[in-house]
Novice: 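For reference, the structure I am asking about is given below.
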Amino acid sequence: MKKVLIANRGEIAVRIIRACSSYGLESVAVYSDTDATALHVHLADEAYCLEGRSALETYLDVEKILAAARLSGADAIHPGYGFLSERADFAQAVEDAGLTWIGPTPENIALLGDKVAARTIAEKVGAPLVPGTPGPVESIEEVRAFADQHGYPIAIKAAFGGGGRGLKVVRKPEELELRFESAVSEAVSAFGRGECYVERFIDRPRHVETQVLGDGKGRVVVIGTRDCSTQRRHQKVLEEAPAPFLTDEQFDKLVAASKAIGEAVNYRGVGTMEFMLGADGLLSFLEVNTRIQVEHPVTERITGVDLVIWQFKIAEGADMDELPDVVPWSGHALEFRINAEDPGRGFLPQAGHMTRFDMPGGPFTRVDAGIGSAGTISPEFDSMIAKIIVWGSTREEAISRGRQAMKETTIEGIPSLVPFHRRILVEPAFCATTPEEFLIHTNWLDTECTWLPELAQPLPTGVKREDVIREWFEVDGRWVRLGFPAALLGSGGARPTGGAKPVVSDTMQGAIKAPMNGIVSKWLIAAGGVVSLGESLGILEAMKMEMPIVADRAGVFTPIVAEGAIIKEGQVLATIV
């Protein structure tokens, strides 16, 4: 390889550009119209515009990516994570074009990217598993039959998805129909395919995973474990390595299962084997991510293994003789995702322009950022600003260094997760020193954390915190508490009772307003339709999150903006009169 086109954006594109430089490769960036001044465009040796604003028009357009590769003379493509990274057809198209695909084989992606097929492989090699359907379900009746046999709660999961998209938890029979329809709809919207399968849901689970590297010839090595249990709506916000408080038996099972799954398919390149670890110690295989992970830096920090460089080496056919079957590690590392989200408002993402962007420093701190100072977060893409990684000789030392790193971090102009990270780094459930005290699980933030509303930032000009009404809203199948000024209800408007609450509305004028910047992905009601209190009107999507637009009264529905429209916070979306 001589020249690598990076089919991605943001911090991962910057990370790969830097690896190209270290490895002696030229780098080629591609970019959307909104990313014309982005950091990855500036840092790459060459950059080519994909002409368009949305992901579908740019980073998800296979033909445009391949055309840029031809135009630039690139002889290899690195997909990063997200976008086309786990699309077997894209990997095949790259290889068919005579280019080197820096990633798992198309066969690996197709087989392991299908969660049902991956589960079948895991079962054959003896990996630990919870009960689940043998394949995608054909109807809601099959889901109901499974729940009747195995009990609630159950999880309905997109067979071709990830990142929490297309995943719905059903805790009681009356939720089943709504959750099933929502899972299928979200799967189609996010991945283009609606097939779903069902598993027994493990309550209060930890999310633990292994980093693996395969040579494509049958050998797979394990490069440490990670814990990614600190999540909101099934999406990670903080990761650490190694996974703390594992027993020797649990570690051995993780290693054995990960190696066996990878060896069964002659896995090539980097990948992640994900597992759920129940509060009762039950360990269950979850899925395989056939790409580099967002959280890969914590593994690099404790092992000294440059995972992107190894992606290059494996793509060129190198063996892994210098690596042992299980790579040793030293110390502990934490990664803090710095997203443009307001943790006090249900982690609502917020696009906009940063007026200040100060990152921490020091010998044990690494910052992976996708934008420069005073950058802009676009509503078309995810909410990540940067990742801050700290290392310590022990977990306790890493936490202490994390506190200092968050103290040094300042972001102004848009909300961010910095206040959240500052707060969780003094949370006893997270800062535990024994397994009995470590109470963090994948649903902890959504169901047990009590202090998130205190982190709301900032309030509208002139509004005092005591003037904020806090109401419960259903976001991605979970109830979260959000705050908004009482004045928005109007002096003569009655607050709704029962059923779902409004997203944000002005009852006096009949207007339904947007609570955040984003895209109206779908209207569920036709213009002129009569709606009832609590009825879902449509879906607002921003930065990988979906929020229902809910009627706060009965009346005649009139949409104001069209499906696919990019909207701003506070903009009127529809009326009900």
Novice: Looking at Glu341 and Arg232, is any side-chain nitrogen of the basic one under 4.0 Å from a carboxylate oxygen of the acidic one?
Specialist: yes
Novice: List the atom of Val367, the atom of Pro360, and the distance in Å for their closest heavy-atom pair.
Specialist: CG2-O, 3.8 Å
Novice: So that I can tick it off, tell me whether Asp227 and Arg395 are bridged by a salt bridge, with the cut-off set at under 4.0 angstrom between side-chain N and carboxylate O.
Specialist: no
Novice: If we ignore hydrogens and angles and just use 3.5 Å, is the side chain of Gln350 paired with the main-chain N or O of Asp342 as donor and acceptor?
Specialist: no
Novice: Is the closest basic N to carboxylate O distance between Lys236 and Glu274 below 4.0 Å?
Specialist: yes
Novice: To the nearest 0.5 Å, how far apart are OG1 in Thr299 and CG in Asp306?
Specialist: 12.0 Å
Novice: Counting only N and O atoms by type, is there a donor-acceptor contact under 3.5 Å from the side chain of Gln250 to the main-chain atoms of Leu246?
Specialist: no
Novice: In terms of side-chain heavy atoms, does His353 have a donor or acceptor partner in Thr376 at a distance below 3.5 Å?
Specialist: yes
Novice: Can a donor-acceptor pair be found, under 3.5 Å and without considering hydrogens, that links the side chain of Trp451 to the backbone of Glu427?
Specialist: no
Novice: Decide salt bridge (Lys or Arg N to Asp or Glu O under 4.0 Å) for Glu181 and Lys168; before the verdict, give the C-alpha distance in whole Å, the side-chain angles of both, and the deciding distance to 0.1 Å.
Specialist: CA-CA 10 Å; Glu181 291 175 355; Lys168 302 296 174 182; over 6 Å; no
Novice: Would you check if Asn289 and Glu86 make a side-chain contact, meaning some heavy-atom pair closer than 4.5 Å?
Specialist: yes
Novice: Is there a side-chain contact between Asp325 and Val222, using heavy atoms and a 4.5 Å cut-off?
Specialist: no
Novice: Ignoring hydrogens, what is the shortest heavy-atom contact between Thr225 and Ala241? Give both atom names and the distance.
Specialist: O-CB, 3.4 Å
Novice: Using a 4.5 Å cut-off on heavy atoms from C-beta on, say whether the side chain of Asp368 contacts that of Val14.
Specialist: no
Novice: Determine, stepwise, if the pair Leu167 / Ile156 fulfils side chain to side chain contact (heavy atoms under 4.5 Å, CB included).
Specialist: CA-CA 6 Å; Leu167 187 157; Ile156 303 172; over 6 Å; no
Novice: Could you tell me if the side chain of Pro153 sits less than 4.5 Å from the side chain of Arg200, heavy atoms only?
Specialist: yes
Novice: Check whether any side-chain heavy atom of Ile371 sits under 4.5 Å from a side-chain heavy atom of Met354, and report yes or no.
Specialist: yes
Novice: Evaluate the ring planes of His40 and Tyr59, with Trp represented by its six-membered ring, and classify them as parallel (under 30°), tilted (30 to 60°) or perpendicular (over 60°).
Specialist: tilted
Novice: Report the C-alpha separation of Arg337 and Asp382 in whole Å, then their side-chain angles, then the decisive distance to 0.1 Å, and conclude whether the salt bridge (Lys or Arg N to Asp or Glu O under 4.0 Å) test is met.
Specialist: CA-CA 12 Å; Arg337 296 196 190 191; Asp382 68 44; over 6 Å; no
Novice: Determine whether a donor-acceptor pair (N or O, by modelled atom type, separation under 3.5 Å) exists between the side chain of Glu239 and the backbone of Phe336.
Specialist: no
Novice: State the SG-CD distance between Cys228 and Glu209, to the nearest 0.5 angstrom.
Specialist: 3.5 Å
Novice: I'd like to know whether CG of Asp248 has more than 12 heavy-atom contacts from other residues, nucleotides or ligands below 6.0 angstrom.
Specialist: no
Novice: Taking atom CD of Glu123 as the centre, does the number of heavy atoms from other residues, nucleotides or ligands within less than 6.0 Å exceed 12?
Specialist: no
Novice: Can any side-chain N or O of Asn339 pair as donor or acceptor with the backbone N or O of Leu417 at less than 3.5 Å?
Specialist: no
Novice: For Arg301 versus Ala333, what's the shortest heavy-atom pair and its separation?
Specialist: CB-CB, 4.1 Å
Novice: Give the C-alpha distance, both sets of side-chain angles, the deciding distance and a yes or no for side chain to side chain contact (heavy atoms under 4.5 Å, CB included) between Phe275 and Leu254.
Specialist: CA-CA 8 Å; Phe275 299 80; Leu254 288 170; 3.4 Å; yes
Novice: With side chain to side chain contact (heavy atoms under 4.5 Å, CB included) as the criterion, how do Glu335 and Arg226 come out once you've worked through the C-alpha distance, each side chain's angles and the decisive distance to 0.1 Å?
Specialist: CA-CA 11 Å; Glu335 175 180 282; Arg226 294 188 289 253; over 6 Å; no
Novice: Charged N to carboxylate O under 4.0 angstrom, Glu454 versus Arg423?
Specialist: no
Novice: Roughly how far, to the nearest 0.5 Å, is CG of Leu455 from NE2 of His421?
Specialist: 11.0 Å
Novice: Can you confirm whether Arg345 sits close enough to Leu452 that some side-chain heavy atom of one is under 4.5 Å from a side-chain heavy atom of the other?
Specialist: no
Novice: Looking only at non-hydrogen atoms, find the nearest pair between Gly132 and Arg119 and report the distance.
Specialist: N-NH2, 2.9 Å
Novice: Sub-3.5 Å donor-acceptor pair from the side chain of Asn8 to the main-chain atoms of Tyr81, do we have one?
Specialist: yes
Novice: Rounded to the nearest 0.5 Å, how far apart are CZ of Arg422 and OG1 of Thr409?
Specialist: 7.0 Å
Novice: Would you say the side-chain atoms of Thr303 pair up with the backbone N or O of Trp329, donor to acceptor, closer than 3.5 Å?
Specialist: no
Novice: Could you check whether any side-chain heavy atom of Gln211 comes within less than 4.5 Å of a side-chain heavy atom of Val270, counting everything from C-beta outward?
Specialist: yes
Novice: Taking all non-hydrogen atoms of both residues, which atom of Gly80 and which atom of Ile12 are closest, and how far apart?
Specialist: CA-CG1, 4.0 Å
Novice: Tell me, please, whether Trp444 has Arg204 positioned over its six-membered ring: NZ or CZ under 6.0 Å from the ring centre and within 45 degrees of its axis?
Specialist: no
Novice: State, without any angle test, whether His441 and Gln231 hold a side-chain donor-acceptor pair at a distance under 3.5 Å.
Specialist: no
Novice: For Glu249, look at atom CD and say whether over 12 heavy atoms of other residues, nucleotides or ligands are found less than 6.0 Å away.
Specialist: no
Novice: Could Arg401 and Phe364 be counted as a cation-pi pair, given that NZ or CZ must be under 6.0 Å from the ring centre and within 45° of the axis?
Specialist: yes
Novice: Tell me, do Ser22 and Arg18 make a side-chain contact under 4.5 Å, heavy atoms counted?
Specialist: no
Novice: So Thr355 and Ile411, side chain to side chain contact (heavy atoms under 4.5 Å, CB included) or not? Walk me through it.
Specialist: CA-CA 8 Å; Thr355 57; Ile411 294 174; over 6 Å; no
Novice: Give me the one residue out of Glu240, Glu397, Glu396 that meets side-chain hydrogen bond (donor to acceptor under 3.5 Å, both in side chains) with His332.
Specialist: Glu240
Novice: Which atom pair, heavy atoms only, marks the closest approach of Phe285 to Ala118?
Specialist: CE2-O, 3.8 Å
Novice: Please answer whether the main-chain N or O of Gly82 pairs with a side-chain N or O of Ser85 as donor and acceptor at a distance below 3.5 Å.
Specialist: yes
Novice: Working to the nearest 0.5 Å, report the span between OG1 of Thr272 and CD of Gln293.
Specialist: 3.5 Å
Novice: Has Lys387 got a side-chain atom pairing as donor or acceptor with Glu295's backbone, closer than 3.5 angstrom?
Specialist: no
Novice: Just do the side-chain hydrogen bond (donor to acceptor under 3.5 Å, both in side chains) check on His207 and Thr442 with the steps written out, would you?
Specialist: CA-CA 7 Å; His207 178 120; Thr442 58; over 6 Å; no
Novice: Which class fits the ring pair Phe438 and Phe430: parallel under 30°, tilted 30 to 60°, perpendicular over 60°?
Specialist: tilted
Novice: From Asn443 CG over to Cys449 SG, what is the distance, rounded to the nearest 0.5 angstrom?
Specialist: 13.0 Å
